[in-house]
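For clarity, every value in this text was computed on a predicted model and none was experimentally measured.
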There are 2 protein chains.
Amino acid sequence: MAVHVLAVLAYKEGDRVTSAFLAGSVNTNPVIIRRLLLTLQRAKLVDTCKGAGSGSRLNRSPGRINLAEIYRAVEEAEPFATPARKPNTACPVGHCIRKELDRIFESAQKAMERDLEKTSLADVINAVKASCAAKQAV
Amino acid sequence: MAVHVLAVLAYKEGDRVTSAFLAGSVNTNPVIIRRLLLTLQRAKLVDTCKGAGSGSRLNRSPGRINLAEIYRAVEEAEPFATPARKPNTACPVGHCIRKELDRIFESAQKAMERDLEKTSLADVINAVKASCAAKQAV
DNA sequence: ACAGGTGTAATCACTGCGGTTACTTATTAA
DNA sequence: TTAATAAGTAACCGCAGTGATTACACCTGT
């Protein structure tokens, strides 16, 4: 949803867009969008103004925003779930495995983020535009 | 949890281990473990027997099981959430972005799995053993 | 036969997240 | 100065996922 919202903002090239409009594209509620925009503001990805005739726009050019940044801004939970209860420390495996898994999972997450870094928001809208053009041609 | 369970089985080197014992190490309920073991059976990672004095053991040597296999066996949900509602197809961005994002996210997931493939279950227990030895030395 | 296991269903609680309504606050325009 | 517009925010609902728990049927080696 975050990528979708930012893609619309990129598509609008600097024009301020209201949360109601974004909600229309994502097909959800403006409040959901505003909550998301607050997160994206904290990450300095968007710039939002209150008041009549205002809204949000990108804080940087789409070419200078990559998907890993968006991922980090939005996703605070780890992709790998660790059980709420602590393992049994009396078991030799249980005693030490948690730290080891944290190390391994962090590496995997970093690998994923490095892949996301390769795609910019500009790449996304270019692909979207190309895809739309292809459909219209047919 | 899956890695923890399989690590204990690897640690026990072929001995059959009961779900109650595994539950003790993970600090959870035997039923949870049995449900997990059913999934791991389907993936041919473990071999479980019913009856008195039985339990589960690895189906392959720990060196031939990597964490990506475990991930695929256990995790059926995509790491990236896509909104339940379809985007607004009247919006040029909403109309085409979903397919594009699927492509990008699949690539990122693949990158993550490739990283997980680099670590085998044997690597995990070796690291755990080393970590325990270090602690005891202190 | 029986004791020790798994398989499995039913149910509960907790959590996270999207959805919705309603209200407050800030800004622009008339 | 007032009205309109839009974000900020709190409160609450519903849904889905998941671990936890209990209970019971079924299998198997001694």
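- Remark: P of D/dA7 and CG of A/Leu36 are 13 Å apart, rounded to the nearest angstrom.
- Per the geometry, CG belonging to B/Asn29 stands 15 Å off P belonging to C/dG7, to the nearest Å.
- Nearest to the side-chain atoms of A/Thr18 among the listed nucleotides C/dG7, D/dA7, C/dG19 stands D/dA7.
- Whole-Å rounding puts the B/Ile33 CD1 to D/dT21 P distance at 12 Å.
- As a whole-Å value, the separation of A/His4 NE2 from C/dG18 P is 14 Å.
- For B/Arg57 and C/dT6, the CZ to P distance is 14 Å, given to the nearest whole Å.
- For the pair A/Gly53 and B/Gly51, both in contact range of DNA chain C, the more 5′-proximal nearest nucleotide belongs to B/Gly51.
- In this structure, A/Arg34 reaches the D/dA7 phosphate: one of its side-chain N or O atoms is under 4.0 Å from OP1 or OP2.
- Between A/Thr28 and the phosphate of C/dG18, there is no side-chain N or O to OP1/OP2 separation shorter than 4.0 Å.
- Crowding of A/Glu106 atom CD: a count of heavy atoms from other residues, nucleotides or ligands under 6.0 Å not exceeding 12.
- To the nearest 0.5 Å, atom CD1 of residue B/Ile70 and atom OG of residue B/Ser120 are 9.0 Å apart.
- For A/Ala52, taking side-chain heavy atoms from C-beta onward, the closest of the listed nucleotides D/dT5, D/dA6, C/dG19 is D/dT5.
- Salt-bridge check for A/Lys129 with B/Glu100: failed, with every basic side-chain N at 4.0 Å or more from each acidic carboxylate O.
- Heavy-atom nearest nucleotides on DNA chain C were determined for B/Arg35 and for A/Val31, and the one closer to the 5' end corresponds to B/Arg35.
- Checking B/Glu75 against B/Lys50, the closest nucleotide of DNA chain D that is more toward the 5' end is the one next to B/Glu75.
- Distances shorter than 4.0 Å separate none of the side-chain N or O atoms of B/Gln41 from OP1 or OP2 on C/dT6.
- Atom CZ in A/Phe80 sits roughly 18 Å away from atom C1' in D/dT18 (whole-Å rounding).
- Between the side chain of B/Arg85 and the base of C/dG19, no donor-acceptor pair under 3.5 Å is found.
- In this structure, B/Leu38 reaches the sugar-phosphate backbone alone: every heavy-atom distance under 4.0 Å involves primed, P, OP1 or OP2 atoms, never a base.
- In this structure, A/Lys110 is not positioned above the aromatic face of A/Phe105 in the sense of NZ or CZ being under 6.0 Å from the six-membered ring centre and within 45° of the axis.
- Summarising the geometry, the separation between CG on B/Leu22 and C1' on C/dT6 is reported as 12 Å, rounded to the nearest angstrom.
- Between A/Lys12 and A/Arg57, every side-chain heavy-atom pair lies at or beyond the 4.5 Å cut-off.
- If you take CG of B/Leu37 and P of C/dT8, they are 12 Å apart, rounded to a whole angstrom.
- The residue among B/Ala77 and B/Pro30 whose nearest nucleotide of DNA chain D lies closer to the 5′ end is B/Ala77.
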